[in-house]
Amino acid sequence: MAGLLSASFPLIAAAQDNVKIGFLLKTMQEARYQTDKSLFIARAESQGADVIFDSSGNDPLRQLQQVEEMLDLGVDVLVLQPVNTATAGALVDLAHDQGVKVVGYDSMLQDGPLDVMVMQDSWAVGQLQADAMVDWLNDTRGEVKGRVALIRGQPGDANAEALSSGVLKVVGEHPGLELVADRSHVEWSPDMARDTVENLLVEYDNDIDAFIANNSGLAFGVLAALSDEDLASADQVFVAGSDADLRNVQMVASDVQALEIWKQIKPLAYAAADVAVKIAHAPEADVSDLITNYSLIDNGYAEIPTIITPVFAVSKDTIDATVIEGGFYTIEQVYPD
């Protein structure tokens with residue numbers, strides 16, 4: 001992976017004829033996606049674009065139908081967060097067959113001719129989670145030793161793989177850590193994650209030190225299972241999630257969950273909207289000529305120009321300096337009591 005780079009785009013004056021952008025998210029299951037939706041639409045519309053939005057409920061067949069519908073409606077550019085990163089290259093092919101370029105959003109599809117990618121630094125997420133776990137073990141156990149469970153999202157999902165890579169790296173660097181489970185969960189299901197953790201707690205007689213989850217929803221499922229055993233406490237078991245959903249941040253603030261990762265949505269959504277508008281106004285241009293500050297990431301098909309936005313660890317000690325000072329949540333939201 002190339003180094004972390006950020007992107008900024010000047011606003012583009014609206015053209016006389018509005019361009020039409022399709023924005024398709026894989027799901028609205030996690031709370032953060034309401035923010036992705038509203039920020040992207042507002043940014044694109046501020047530049048004179050019309051946005052056709054939809055979400056796929058984590059159903060790849062439904063997403064195929066939605067892509068076909070957006071192409072039938074004449075979108076100039078498609079911004080796509082794929083449900084299935086392994087097969088979504090076919091969706092890009094459909095768009096390209098109609099002369100429509102595709103901006104990947106948040107999750108990098110594999111082995112497909114994507115035109116440009118906008119994503120958060122997923123590789124850093126697991127590293128931040130696992131580094132915090134190491135610090136927690138030192139503080140609570142006096143040594144970096146214990147049982148760790150990795151709670152992944154969708155099986156085969158490239159983003160889940162990237163999110164998990166840092167965790168596996170850190171675990172491999174510490175001989176005292178035992179990875180007792182590395183489990184994937186269809187549709188990123190919190191209920192399935194809860195079932196997984198319930199079974200692991202039975203298998204290991206409640207003796208697991210840390211659970212690292214690919215997103216906030218999965219972490220919530222972990223904590224639900226721990227709660228049934230009176231173990232949902234940051235003093236007893238380390239639990240890390242990622243997406244900074246409000247309920248998870250509240251649990252970090254109340255010492256139930258140890259860590260969340262804040263993936264700033266605004267730079268992600270704004271960068272995707274900006275590059276989509278640029279492409280719509282210059283469809284024949286080489287995408288790499290329309291953007292600055294990008295990395296080249298190999299998705300198995302080609303090296304894709306990729307705009308990467310940063311991520312931040314959120315602990316009880318850093319909530320105020322991150323999600324609150326950053327305007328993601330208010331004090332009243334995080335500390336409702």
- [ ] Could you note down all residue pairs passing salt bridge (Lys or Arg N to Asp or Glu O under 4.0 Å) where residues 82-107 supplies at least one of them, sequence neighbours left out?
- [x] R32-D106

Task: Check: L109 main-chain N/O paired with N299 side-chain donor or acceptor under 3.5 Å - done: yes

- [ ] Starting from the C-alpha separation in whole Å, work towards a yes-or-no answer on side chain to side chain contact (heavy atoms under 4.5 Å, CB included) for I279 and V287.
- [x] CA-CA 7 Å; I279 292 171; V287 171; 4.0 Å; yes

TODO: Indicate yes or no: at least one non-hydrogen side-chain atom of M117 is less than 4.5 angstrom from one of Y294.
DONE: no

Open item on the list: Measuring only between side-chain heavy atoms, which start at C-beta, is P190 closer than 4.5 Å to Q29?
Closed with: yes

Open item on the list: Minimum heavy-atom separation for A44 and V51, please, with both atom names.
Closed with: CB-CG2, 3.6 Å

- [ ] Using atom types as modelled and distance alone, determine if a side-chain donor or acceptor of Q66 lies under 3.5 Å from a backbone N or O of S55.
- [x] yes

- [ ] Test the R147-Y204 pair against the cation-pi criterion, namely NZ or CZ under 6.0 angstrom from the six-membered ring centroid and within 45° of the ring axis.
- [x] no

Open item on the list: If you define the side chain from C-beta out and look only at heavy atoms, does anything of L163 sit under 4.5 Å from N215?
Closed with: no

Task: Donor-acceptor contact present, side-chain Q236 to main-chain A232, <3.5 Å - done: no

- [ ] Say whether V186 and W188 are linked into one hydrophobic cluster, either directly or through other cluster members, by side-chain heavy-atom distances under 4.5 angstrom.
- [x] no

Open item on the list: Quick check: closest heavy atoms across Y329 and A244, and the distance to 0.1 Å?
Closed with: OH-O, 2.6 Å

Task: Nearest heavy atoms of V252 and A258, plus distance in Å - done: CG1-O, 4.1 Å

TODO: Examine distances only and state if a side-chain atom of D115 and a backbone atom of V102 form a donor-acceptor pair shorter than 3.5 Å.
DONE: yes

Open item on the list: Tell me if the CD1 atom of I331 is crowded by more than 12 foreign heavy atoms within 6.0 Å.
Closed with: no

Task: ring-ring contact (aromatic ring centres under 6.0 Å, His included) contacts in which one or both residues fall within residues 137-162, not counting sequence neighbours - done: none

Task: Under 3.5 Å: donor-acceptor pair, side chain of Q110, backbone of M108 - done: yes

Task: Side-chain donor or acceptor of Q63 paired with backbone N/O of Q81 under 3.5 Å - done: yes

Open item on the list: Between Q120 and I265, does the side chain to side chain contact (heavy atoms under 4.5 Å, CB included) criterion hold? Intermediate values first, please.
Closed with: CA-CA 9 Å; Q120 293 146 335; I265 307 302; 3.7 Å; yes

Open item on the list: Looking only at the side chains, is there a donor atom on one of N214 and S164 sitting less than 3.5 Å from an acceptor on the other?
Closed with: yes

Task: Heavy-atom check, side chain of D195 versus side chain of H185, under 4.5 Å - done: no

- [ ] May I ask you to decide if S216's main-chain N or O and N248's side chain share a donor-acceptor pair within less than 3.5 Å?
- [x] yes

- [ ] Not counting sequence neighbours, which residues clear side chain to side chain contact (heavy atoms under 4.5 Å, CB included) with D59? List them please.
- [x] L61, R62

Open item on the list: Using 30° and 60° as the class boundaries, would you call the ring planes of Y105 and F23 parallel, tilted or perpendicular?
Closed with: perpendicular

- [ ] Take W123 and I297 through the side chain to side chain contact (heavy atoms under 4.5 Å, CB included) test and state the conclusion after the steps.
- [x] CA-CA 12 Å; W123 299 271; I297 305 296; 4.3 Å; yes

TODO: For the residue pair F238 and L259, establish whether any side-chain heavy-atom pair is separated by less than 4.5 Å.
DONE: yes

Open item on the list: Please report the interatomic distance CG(N138) to CE(M133), rounded to the nearest 0.5 Å.
Closed with: 10.5 Å

Open item on the list: One pair to check against side chain to side chain donor-acceptor pair (under 3.5 Å): S288 and D286. What are the steps and the verdict?
Closed with: CA-CA 5 Å; S288 61; D286 189 315; 2.7 Å; yes

Open item on the list: Rounded to the nearest 0.5 Å, what separates atom CG in L91 from atom CG in L64?
Closed with: 6.0 Å

Task: Any L201 side-chain heavy atom under 4.5 Å of L226 side chain - done: yes

Open item on the list: Hydrophobic clustering (ILVMFWY, side-chain heavy atoms < 4.5 Å, transitive) - are M192 and L200 grouped together?
Closed with: no

Open item on the list: Quick test of your reading of the model: are D228 and R194 salt-bridged, counting only N-O distances below 4.0 Å?
Closed with: yes

- [ ] Taking all heavy atoms of T85 and all of G156, pick out the closest pair and write down the distance.
- [x] OG1-O, 3.6 Å

- [ ] Find out whether Y335 and I319 are in side-chain contact, i.e. whether some heavy atom of one side chain is under 4.5 Å from a heavy atom of the other.
- [x] yes

- [ ] Hey, could you give me the CZ/CG distance between R152 and N159, rounded to the nearest 0.5 Å?
- [x] 11.5 Å

Open item on the list: Hydrophobic clusters here meaning ILVMFWY residues chained together by side-chain heavy-atom distances under 4.5 Å, can you tell me if V83 and V79 are in one?
Closed with: no

- [ ] Treat each ILVMFWY residue as a node, draw an edge where side-chain heavy atoms are under 4.5 Å apart, and state whether L94 and L73 are in one component.
- [x] yes

TODO: Kindly compute the distance separating CD (E30) from CG (D36), expressed to the nearest 0.5 Å.
DONE: 10.5 Å

Task: Whether Q257 side chain and V249 backbone form a donor-acceptor pair below 3.5 Å - done: no

Task: OG1-CD distance between T35 and Q264, expressed to the nearest 0.5 angstrom - done: 12.5 Å

Task: Sidechain-backbone polar pair: E260 side chain, S242 backbone, donor-acceptor under 3.5 Å - done: yes

- [ ] Could you give me the CA-CA distance, side-chain angles and deciding distance for Q47 and D274, then say whether side chain to side chain donor-acceptor pair (under 3.5 Å) is met?
- [x] CA-CA 8 Å; Q47 300 175 61; D274 291 347; 2.7 Å; yes

Task: pair D245-F220: side-chain heavy atoms closer than 4.5 Å - done: no

- [ ] Please lay out, stage by stage, how E198 and E229 fare under the test side chain to side chain contact (heavy atoms under 4.5 Å, CB included).
- [x] CA-CA 9 Å; E198 287 175 348; E229 300 297 323; over 6 Å; no

- [ ] Using atom types as modelled and distance alone, determine if a side-chain donor or acceptor of T306 lies under 3.5 Å from a backbone N or O of I304.
- [x] yes

Open item on the list: Once rounded to the nearest 0.5 Å, what's the spacing between atom CG of L114 and atom CG of L80?
Closed with: 8.0 Å

TODO: Give the minimum heavy-atom separation between D182 and L179, together with the two atoms involved.
DONE: CB-CD2, 4.2 Å

Open item on the list: Show the nearest heavy-atom pair for residues D76 and V100, with the distance to one decimal.
Closed with: O-CG1, 3.8 Å

- [ ] Check whether L231 and W136 end up in the same hydrophobic cluster, where Ile, Leu, Val, Met, Phe, Trp and Tyr are linked by side-chain heavy atoms less than 4.5 Å apart.
- [x] yes

